[in-house]
Every structure is written in structure tokens, then in C-alpha cells.
Colleague: 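Before anything else, here's the structure in question.
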Protein chains: 2
Amino acid sequence: MKLTSNRSPNPLSSSCEQCGLSNLCLPLAIAGEDLSRLDAVVKRDSMYARGSKVFAQNAPFTSCFVVKSGAVKTSMMSERGDEKVLGFYLPGEMFGLDGVNDGAYACSAEALERSAICEIPFEHLEQLARELPHLQRYLFRLMSREIHGAEELSMLLSKNTADERIVSLFLTLSSRHARRRLSPTRFSLPMSRGDIANFLGLAVETVSRVLNRLQSQHLVKVNGRTVELLDIEALQRQLQQPAEPCISAIKLMDRP
Amino acid sequence: MKLTSNRSPNPLSSSCEQCGLSNLCLPLAIAGEDLSRLDAVVKRDSMYARGSKVFAQNAPFTSCFVVKSGAVKTSMMSERGDEKVLGFYLPGEMFGLDGVNDGAYACSAEALERSAICEIPFEHLEQLARELPHLQRYLFRLMSREIHGAEELSMLLSKNTADERIVSLFLTLSSRHARRRLSPTRFSLPMSRGDIANFLGLAVETVSRVLNRLQSQHLVKVNGRTVELLDIEALQRQLQQPAEPCISAIKLMDRP
DNA sequence: CGCAATCTTGAACACCCTCAAGCATGGTGG
DNA sequence: CCACCATGCTTGAGGGTGTTCAAGATTGCG
């Protein structure tokens, strides 16, 4: 257990305009001259140590956040006391939007590694959105995307096997890396096996076994937290094909 | 299979102001004099026959919708071709918001029974939201709630047993009925067993068996699509308690 | 009334989980 | 520096929850 007060402002923080993520993040939606107004309200580049909380579930909702560097996971605690990992957020991605509804964060957010995170007070963002139609539209789209993402997770959890869930996670991570012009085939996982298992609704042991299976099929190479996707197209096929059980295929041949 | 073109405008449609759902729906967020502006853009009370589609997945996103009477299910088709039911919508509830992101509906929506549904062109709603801060805030909250709802479904699917999933659905329906001043203990299910099973990530057979189990425990009474909750508090307890496996409880007693 | 769709019931099996132990890894302190 | 322990990851064996397959009961609609 670590103390969670290891958060500090970053003296090197620059403007949104100069930020390398400006083509992924809010600046996308804001024209040049208005960007300074966003700049004025963003608390830029706070550093969070690995394991420290960005916000806690049920804490009063004040801001949404964007990962500048590092990685974040969000998770929800049930009444029963068990935790469910809801998502992972990489640089350029916004989180904390599910707290708008009743004024309290519906989940908690935690840095998976040492991370720089920008904080945007939601009241200011709302005010700006009123005046900048593009920004309003962009926020609606962001939230809509979040809905869609959560829906796809439900789909994954109820319709896919353990192998497919892992493959799906890897492919998602791959394309998110590609958006940042990073290698889509080689990357390192910011999260533990436990986080992966929890996120995908599996046991840690199952994750371990599936990774071995995928390796022996020469689809991926995994070494600790380093992942290499050896055949992306084959991985994609695995998600499209009806996943026919190998045994019942034989049974079918017995038919008259 | 039914044809899906059985949709017709309702001559009896009245204004939002006079609508019985105005304390659940958008009018909540709009002051009296501005309400007429909403009225002007709402296509009110179109009737949809049971089984007809309100919109199809991947169709261009134009509007969001509110159930006036009846019930709607939304579902998503995977690349592989299997369907996942994502949600059920009752009178006063809005759906179709996950299409904002990329301009196409991420799911399809279908009337579960003969339903009256109001359609609100999103462009107009956006325009109104710019001018009415309360409305903008309300839309953000609606979308945030939708995110939260999808997250809770993920939680349910990965952390709860079949029995708990059914109980959770019943309790959710119960409280949504209560909001409309309907009986929280006696109501009828608008969806089939198949829809329930799909929504909860179970097989139809399992739903059937669980319903029997809950009946023999005198927690609910089910007759076809009619449900009576006999002991709401006991049902709630079932979701809070750690669901101890009955056998291992005995094992624990063997300890020195 | 009769057929089709929906729902229930039963038996066998599969997938994944649980439990338990062994194996790396890394940080800490003697 | 290495022993030490904590933590995280892997591997193996066995069992449970829910699925699949198959058949029968019920409902509902033309």
C-alpha cells in the first residue's frame, strides 16, 4: 500500500498549443485563437506516482482528465466490495466523464505507472462549450464514444471466449498505439495480469494460460509486460470467425 | 419475420408541456417559456409496431429518441454476426445517444411491444443546448448516465452469478417503475426470455431455471411475463452479501 | 383449431474458476 | 553482496456453474 499524496505540479508544463498530443486531444475541437481560453483553465501536467489515485469513487465530481504520458485505469467497487476494472487510458485519452450524472465520480482512477495528467475543471469546459459549438459537439462525441466503448466491453464479456477477449484487448491497444504513430506490433503493457484479468472478466490464471496458448500458435510473443503481435491479420480473423468447437466439427460428419 | 414499415404518426399527439412524462423527460431541463422551442422540433408520438426497428445499426445518426409508451430494446451486432442486447428502455427514457460519435448508430433499436416514441433531431437539440445552459448540462448528464449504465452492465456480467443477474434486472426494473408511480412489486416484462438471457449474458435455459429457483425460494412469483417481487429487501440482500458457496462454508468448519 | 414460436425440463459436457504449489522478479536491509 | 521476503506470474489438478443438445410443454396468433 502506498500513500496517495505523491502528486506534484510539473514546472515544465507548456501550453496546449505546443503539446505533442494536440492532434488527439481537446485542441482538435478548438480553433487557434480560442485555444488560449482552454489553456487558461487547464491544470497541466500534474505528475502521479504509480499506484496513486487521480480521483476516488464517490468523490465530488469537479473535473475530467486527460492522460499526457503514462497510463491510467478506472475501476468500480460494487456494494459487495469487489472491484471491476472498467478501462485503461493512454496518452491523449480523456477519463472521468461518468461523474457528470449525479455529481460524484462513478468510478475511481489510478495511475498504472508514473504519469502526467492534465485536469480540466468541468464547469469551465461547460462554459466554453456553450460558446464554442465545435467544442460542445466534440464533448458529446467523446461521451458517446465512451458509451460505445462500454457497450463493446459488455459484448466482449458475454459473447467471447477467454482467448478472444485477450486478442481483442491486444488489437485495441495496437490500434490506439498506431494513432500515436507508435508501433502497432510491439508495445509494453502498462497494466498487470491481474488488471487484464479483471478487465476481461477472467481469472489471472486463465490470462496466463491464454497467453501461452497464443504464443504456441505463433500469434504473439509475450515476455513479461512486453508484447509483440506476430500476425495481426490472423488475430483479427480469430475475432471474426465463428469460433467453431474443434470436437463438434467431427460430430457433424456422422450425420446421414 | 415482420415487415418493419409499420410506423405511423399519431394524430392525438399533444405538446411536451401537456405530456404526462414531462417530469421524467427533457422538459425537466427547460423552463416554461423555452419549452415551446423544444415542442417545435420534436416529432411526437410516432407509433411503432411490436418488432419494428426504430433505427438500424450503422444507419446515419440523425436523432435521439424518447419512449412515450411501450418499450424498446437496443442491440448490437458483432462482426461475427451474433447479437448482443444492450439495454431496455421504458417510458420517459432516452436512447440512441451512442450514435453521436461517428455519425452512425452504434446499435439498432427495436420496439418490444406497440410503442409511441418521440424523435428529436440531434442538430436541433444541439442548437438549443447552446442557448439553454440547463439543457446542455442535462444532455451531458444523460450521456454520463448512459456510460454509467453500460459500466454497471459490464460489472454485472463479469462479477455476478446467473441468479444475481436476474435479481439485479428485476430490481432495476422495479425502481424504474417506481419512478413512474407504478407498482414496484408487480409489473409485466416487455421482453422475451431470449432478450433477458442475451442481455444478461446467459442461455435461455438458464434464465428459465433461475426463475424457478427464485420462485421456490419465495422471492418472486413469475407467470409468463408477469412478475411479482415478494420480498424486495431479501432480493437486495442477495446482491450485497458475498454469495458464499454453500459447500465451502462447511469446509471452513473443518479448520483446527 | 393448428402450426410456430416461446418457454420449460432433463442429461452430459465444456470452459473457466478455484485451490495449491512452484517459479521468477525486485526491492530492502542486514 | 546476498539473503530475505513480498509481489507478481506461471503451471497443474480437480470441480462447479452454466452451456449445449434434445425433447417435451405451453402459449399465442393466424
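Keep in mind that what you see is a predicted model, and the values were worked out from it rather than measured. First the proteins, then the strands, lettered A, B, ... as listed; each starts at 1.
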Colleague: Pick out which of A:Val85, A:Asn58, A:Asp98 makes a side chain to side chain contact (heavy atoms under 4.5 Å, CB included) with A:Cys107.
Modeller: A:Asp98
Colleague: Please tell me which of B:Gly194 and B:Arg209 maps to the more 5' nucleotide of DNA chain C, matching each residue to the nucleotide holding its nearest heavy atom.
Modeller: B:Gly194
Colleague: Can B:Asp82 and A:Lys159 be counted as an ion pair, charged N to O under 4.0 angstrom?
Modeller: no
Colleague: Whole angstroms only, please: what is the CZ-P distance between A:Arg225 and D:dT10?
Modeller: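 The answer, rounded to whole Å, is 11 Å.
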Colleague: Among the candidates D:dT19, D:dC9, C:dC16, find the nucleotide nearest to the side-chain atoms of B:Thr206.
Modeller: D:dT19
Colleague: Whole angstroms only, please: what is the CZ-P distance between B:Arg213 and C:dT9?
Modeller: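 That distance rounds to 12 Å.
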Colleague: How many Å lie between CG on B:Asn223 and P on C:dC7, as a whole number?
Modeller: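 Distance, rounded to whole Å: 13 Å.
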Colleague: Could you check how far CD1 of B:Ile196 sits from P of C:dC7, rounded to whole Å?
Modeller: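 Those two atoms, CD1 and P, are 8 Å apart.
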Colleague: Please report, rounded to the nearest Å, how far the P atom of D:dT19 is from the CG atom of A:Asn160.
Modeller: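 Interatomic distance, CG of A:Asn160 to P of D:dT19: 14 Å.
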Colleague: Check the distance between D:dG18's C1' and B:Ile166's CD1 and give it to me in whole angstrom.
Modeller: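 In whole Å, D:dG18 C1' and B:Ile166 CD1 are 12 Å from each other.
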Colleague: Assign B:Ser192 to base, sugar-phosphate, or nothing according to its heavy-atom contacts below 4.0 angstrom with the strands shown.
Modeller: sugar-phosphate
Colleague: Atom CG of B:Leu157 to atom P of D:dT17: distance rounded to whole Å?
Modeller: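 To the nearest whole Å, that distance equals 19 Å.
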Colleague: Can you measure A:Asp195 atom CG to D:dC9 atom C1' for me and round it to whole angstrom units?
Modeller: 13 Å
Colleague: Do B:Leu86 and B:Phe95 have side-chain heavy atoms sitting under 4.5 Å apart?
Modeller: no
Colleague: Check the orientation of B:His177 and B:Phe187. Use parallel for under 30°, tilted for 30 to 60°, and perpendicular for over 60°.
Modeller: parallel
Colleague: Need the bend value for the helix from C:dC1-D:dG30 to C:dG30-D:dC1: angle between end axes, 5 pairs each end, nearest 10°.
Modeller: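 That helix gives 40° between its end axes.
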Colleague: Has A:Arg180 got more than 12 heavy atoms of other residues, nucleotides or ligands less than 6.0 Å from its CZ?
Modeller: yes
Colleague: Between C:dT9, D:dT10, C:dC17, spot the one nearest the side chain of A:Ala203, thanks.
Modeller: C:dC17
Colleague: Within the 4.0 Å heavy-atom criterion, would you say B:Leu202 contacts the bases, only the backbone, or no part of the nucleic acid?
Modeller: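 Touches sugar-phosphate only.
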Colleague: Give the nucleotide from the list C:dC16, D:dC9, C:dT8 with an atom nearest to the side chain of A:Arg193.
Modeller: D:dC9
Colleague: Show me the side-chain donor-acceptor pairs of residues 199-206 of chain A shorter than 3.5 Å, one per line, residues at least two apart or across chains.
Modeller:
none

Colleague: Around atom NZ of A:Lys221, are there more than 12 heavy atoms from other residues, nucleotides or ligands closer than 6.0 Å?
Modeller: no
